Chemist: 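Dumping the structure here so I can ask a few things about it.
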Number of protein chains: 2
Amino acid sequence: MARDRSLPRRATIHDVAAVSGISRGTVSRVLNGEPYVSDHARQAVEAAIREVGYVRNTAARNLVTQRSRAVALIVHEPHSLVLEDPNIGNILIGTNAELSNADYQMVTLILDSARDSERVAEYLRGGFVDGAIILSARVGDPIALAVAELGIPAAFVGHPPNAPDIPYIGIDNTSAARQITTRLLKTGRKRIGMIAAALDRDSGQDRLTGFTAALGERFDPTLVVDFPLYAYDTGAEGMRQLLAREPAIDGVFAASDAVAAGAMDVLRNAGRRVPDDVGIVGFDDSSWAIRCHPALSTVRQPADELGRQAALQVLDQLRGGPRPTGGTLLQTEVVWRDSA
Amino acid sequence: MARDRSLPRRATIHDVAAVSGISRGTVSRVLNGEPYVSDHARQAVEAAIREVGYVRNTAARNLVTQRSRAVALIVHEPHSLVLEDPNIGNILIGTNAELSNADYQMVTLILDSARDSERVAEYLRGGFVDGAIILSARVGDPIALAVAELGIPAAFVGHPPNAPDIPYIGIDNTSAARQITTRLLKTGRKRIGMIAAALDRDSGQDRLTGFTAALGERFDPTLVVDFPLYAYDTGAEGMRQLLAREPAIDGVFAASDAVAAGAMDVLRNAGRRVPDDVGIVGFDDSSWAIRCHPALSTVRQPADELGRQAALQVLDQLRGGPRPTGGTLLQTEVVWRDSA
DNA sequence: TTTATGGTTGGGAACGTTCACAGAAGGCTT
DNA sequence: AAGCCTTCTGTGAACGTTCCCAACCATAAA
């Protein structure tokens, strides 16, 4: 262990104190923006800091303050999905922006297997982070339970049914689904079906609820099919089933853009024109939406804002704010393009 | 500052020492797997660790060892591109897997503006991380310069021309571009153009070089257009220009899958059939490739392996290994589908 | 018996901060 | 003039590790 490969030894608070002629304690006060520091002292310290190129040693600070100034972003998805879901990238960006703005570090934890779960739980117990943001948790998620048990500041982005009592940020899936279905209705469609997905998550369940509400008396349960995943294949298979059940179908609400893309391809192969013969709408306003032909009408969810709000929520708890119960829902927006 | 909101005080090495009846020094030796510890002592310590639920305090350790056990993953892209580029997600996953496997923390730094640049440089100087992995650096990248100057263990994924002397992991863009262009030629195309992008990066430059080499005498500089970004819009605009210059064009190499997707849509709107009238190939084998109609022939690059290798490279330097000069190139593979 | 040797152990010192406390200086009230 | 705030400053004592040195105990060699 060559400990000193010519390291020029970083400046410490003692160096700043010596150069400025001000005591260590006062230097610390300046560093932390505390009151009760004279202008004279403050200026001398600031000059000395610049002169010796001082930057604070985090380890020493963390040791004495008993915190880490880091927040974990826990992504609980099978690896392949991390990229399939365009929302995750945006959430990550929003979270990162807000945390680094507050001078906190974002530590990304991607986990997949049960072994990872145990490792991450151990990690959290180790006090490596002061708080956690949990993405895409499932029912009975062991990490969510561990976080709840530790009682560290935390927030969900979206939340599973029966989740532990941790505040969450999400969107109003029910209302958004109702809105876009209503607009689809106004284009004059008579026989409207839905390809539902992920009914074990609130998002999937709520989108179905909103769809049902929008149709009212026109709702026909035989025109709803459902599958486990928000995926292209879900849309393809779902559309095949719907066409078989009701050849005269002229409108489809797909539970996500990827689902819509799959459905659209099946429609094309079946010789139906979109939107002339069948109108179709999706959900997410992800990159799928503009890649479709025709471009997809869909619901935009503010993914980066979800990340930001979750970060702010955790930061607030970190500052001693109360841990709110329940959730915050952000606004969505219907984006009307050419597919319906 | 309520310092003790009923905190049960985490167990320290002293507690382990007291419970096991072994000295602090020996407990530390057990913790670090050092030699010169008797079996008796080791077992007693391990039992005590379990009994008191001890986990090591990182801050204290970092303070005395003068390192952080964290590696920065620096992503230098305009925010919107972080999600557009499917490679980044995969690289991130690979890096994360390898670092956490070695018990290192991955700190994701996403930066965009010049202001961010300064902030990150300051961050690196602060000793928050022991090493850095730099993604998608551009020519004259200030972060790359800062990392080089600090001399901390680092690696590029891909590397810009005139980059500082930091090892890099990449793919052989030139050879891959040559291969796929050659296959495109073999489908009997006579007038082949290229929509190039990001010529300020090695990837963009090398793909053009490979394309040129493959065509040999058939190369016609008027059939090359170039744009700053690997983006859908690049492909759309590029294809319009190429069609205007040479209506008889029957083959296109797009610098990325996203570019190819844009080009394909313009071709379709212009009434050209793919692959019957025009053959088109892309690069990346990203999710764009299978969503296109017809599915795109392209080059698969092992993005997660790039991330893994970069992590291993940095870890090796961290263990005192020499910093290699130059780079390592990973194998690519041509994926032949229906677009050519 | 003495001396060297090598494995094993214990404890002092240091890492660079923040915190709490004591106290100084100056202005105001009594 | 004494007392009491208020503002400001300096210093000792942690925080929980690792590192290093000294010492211990067998055993082997002299």
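In what follows, chains carry the letters A, B, and so on, assigned in the order in which the sequence lines appear, proteins first and then strands, with residues in each chain numbered from 1. The structure presented is a predicted model; accordingly, all values stated were derived computationally and were not measured.
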Chemist: For DNA chain C, what residues of residues 27-37 of chain B have any heavy atom nearer than 4.0 Å?
Modeler: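 Per residue number, the list reads B:R29, B:Y36, B:V37.
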Chemist: Measure the distance from NE2 on A:H40 to P on C:dG26 and round it to the nearest whole Å.
Modeler: 14 Å
Chemist: Tell me the interatomic distance from B:H14, atom NE2, to C:dG10, atom P, rounded to whole angstroms.
Modeler: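 So the two atoms are 13 Å apart, to the nearest Å.
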Chemist: Of all the choices, D:dG10, C:dG16, C:dT18, which nucleotide is nearest to the side chain of B:Q66 once you look at every atom?
Modeler: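 So the nucleotide nearest the side chain must be C:dG16.
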Chemist: Between A:S38 and D:dT9, is there a contact of a side-chain N or O with OP1 or OP2 at under 4.0 Å?
Modeler: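 Yes, such a contact exists.
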Chemist: What I'd like to find out is whether the side chain of B:T58 reaches to under 4.5 Å of the side chain of B:R69, using heavy atoms alone.
Modeler: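 In short, these two side chains do not touch, never coming nearer than 4.5 Å.
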Chemist: D:dG10, C:dT18, D:dT17: which one has an atom nearest the side-chain heavy atoms of A:R24?
Modeler: C:dT18
Chemist: With side chains defined as the heavy atoms from C-beta onward, is the minimum distance between A:Y104 and A:S68 less than 4.5 Å?
Modeler: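 Heavy-atom side-chain distance check fails, nothing below 4.5 Å.
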Chemist: Look at the side chain of B:T26 and decide which nucleotide, out of C:dT9, D:dC15, D:dT17, has an atom nearest to it.
Modeler: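 Ranking C:dT9, D:dC15, D:dT17 by closest atom to the B:T26 side chain puts C:dT9 first.
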Chemist: Please state how far atom CZ in A:R61 lies from atom C1' in D:dG16, giving the value in whole angstrom units.
Modeler: 18 Å
Chemist: Give a yes or no answer on whether the side chain of A:N57 reaches the backbone of A:A59 with a donor-acceptor pair at less than 3.5 Å.
Modeler: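 Yes, A:N57 side chain to A:A59 backbone: donor-acceptor pair under 3.5 Å.
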Chemist: Over all strands shown, is B:A59 touching base, sugar-phosphate only, or nothing at heavy-atom distances under 4.0 angstrom?
Modeler: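 Contact class for B:A59: none.
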Chemist: For the pair made of CG in B:L63 and P in C:dA13, what is the distance, rounded to whole Å?
Modeler: 18 Å
Chemist: Rounded at 0.5 Å granularity, tell me how far CZ in A:R125 sits from CD in A:E149.
Modeler: 7.5 Å
Chemist: Between B:T12 and D:dC15, is there a side-chain N or O to OP1/OP2 distance below 4.0 Å?
Modeler: no
Chemist: Mind calculating the distance between CZ (B:R67) and C1' (C:dC15) to the nearest angstrom?
Modeler: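 In whole Å, C:dC15 C1' lies 13 Å from B:R67 CZ.
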Chemist: Where the side chain of B:V64 is concerned, which of C:dT17, C:dA14, C:dT18 is the nearest nucleotide?
Modeler: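 Ranking C:dT17, C:dA14, C:dT18 by closest atom to the B:V64 side chain puts C:dA14 first.
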Chemist: Within the 4.5 Å heavy-atom criterion, are A:L135 and A:I91 side-chain neighbours or not?
Modeler: yes
Chemist: To the nearest Å, how far apart are A:D15 CG and C:dC15 P?
Modeler: 11 Å
